[in-house]
Amino acid sequence: AWDGSQGAGRALRAALPLLTAASKVVLLQDPDHISATHRLAADLTSLGAYLKLHGVKDIHTVSQSGLSRGGGLGAAARQARADVLIAGAFSHARAMEALFGGATDDLLLQPAGDFNLLLAH
C-alpha cells in the first residue's frame, strides 16, 4: 500500500527481504488519498525502479480510487491473492484516528486468514 509517506517507506524497507524472495509483487495505491506533500514520493514508476534495483522481480501496479478506506486495501489484496500486505501504520495523530478512523484500523479489522499484515510505524 504505497502513498509515499514515511511510514510506507519504513514498511517497504523492512519488507525488502520478503519482496526480493516473492514470486510476484503488487503495488497498491489510492491516488485520491495521497497528500500534496507526498505526491512526488508516491510515484509508482519510481518505486518500481527502486525495487528492481534491489532485486525485486515481477512487479505489478494497481492505482485505484477507494483503496484506502472501508476495507479497500484488504479487498485489493484478496483480489491479487496476496500472502502479505505491507503498509505503514498509525501515521495520523491519535485524536484524528479516534475521531475519523484510519486505514490501519480498517486493515486490522479484516477477516483473519485472508492475508498476513506487515505494518510499520
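All values below were derived from every heavy atom in this structure, side-chain atoms included, with hydrogens, water molecules and symmetry-related copies excluded. Starting from 1, each residue takes its place in the sequence as its number.
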>> With side-chain hydrogen bond (donor to acceptor under 3.5 Å, both in side chains) as the rule and sequence neighbours excluded, what pairs involving residues 39-50 come up?
In response: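 Found D43-S46.
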
Search all heavy atoms of [X] against all heavy atoms of [Y] and return the closest pair with its distance.
{"X": "T20", "Y": "H54", "result": "CG2-O, 3.0 Å"}
{"X": "G55", "Y": "K57", "result": "O-NZ, 3.4 Å"}
{"X": "A77", "Y": "L28", "result": "N-CD1, 4.2 Å"}
{"X": "A11", "Y": "I86", "result": "O-CG2, 3.6 Å"}
{"X": "F115", "Y": "A82", "result": "CB-O, 3.5 Å"}

> Taking Q29 as the fixed residue, which of T61, V62, I34 is the one that meets the side-chain contact (heavy atoms from CB on, under 4.5 Å) rule?
Replying inline: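 Of all the options given, the one that passes is I34.
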
Close side-chain approach of [X] to [Y], heavy-atom, < 4.5 Å:
{"X": "L51", "Y": "L19", "value": "yes"}
{"X": "L73", "Y": "D30", "value": "no"}
{"X": "L27", "Y": "L47", "value": "yes"}
{"X": "S63", "Y": "L44", "value": "yes"}

> CG of L40: more than 12 outside heavy atoms within 6.0 angstrom?
Replying inline: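 Count not over threshold, so no.
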
>> Just verifying a value: how many Å separate Q64 CD and Q79 CD, rounded to the nearest 0.5 Å?
In response: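 Going from the CD atom of Q64 to the CD atom of Q79 covers 7.0 Å.
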
> By side chain to side chain contact (heavy atoms under 4.5 Å, CB included), which residues pair with K52, not counting sequence neighbours?
Replying inline: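 Partners of K52 by the side chain to side chain contact (heavy atoms under 4.5 Å, CB included) criterion, ordered by chain and then number, come out as I59.
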
> Quick check: does any side chain N or O of N116 sit under 3.5 Å from a backbone N or O of V84, one acting as donor and the other as acceptor?
Replying inline: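 Not confirmed, N116 side chain does not pair with V84 backbone.
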
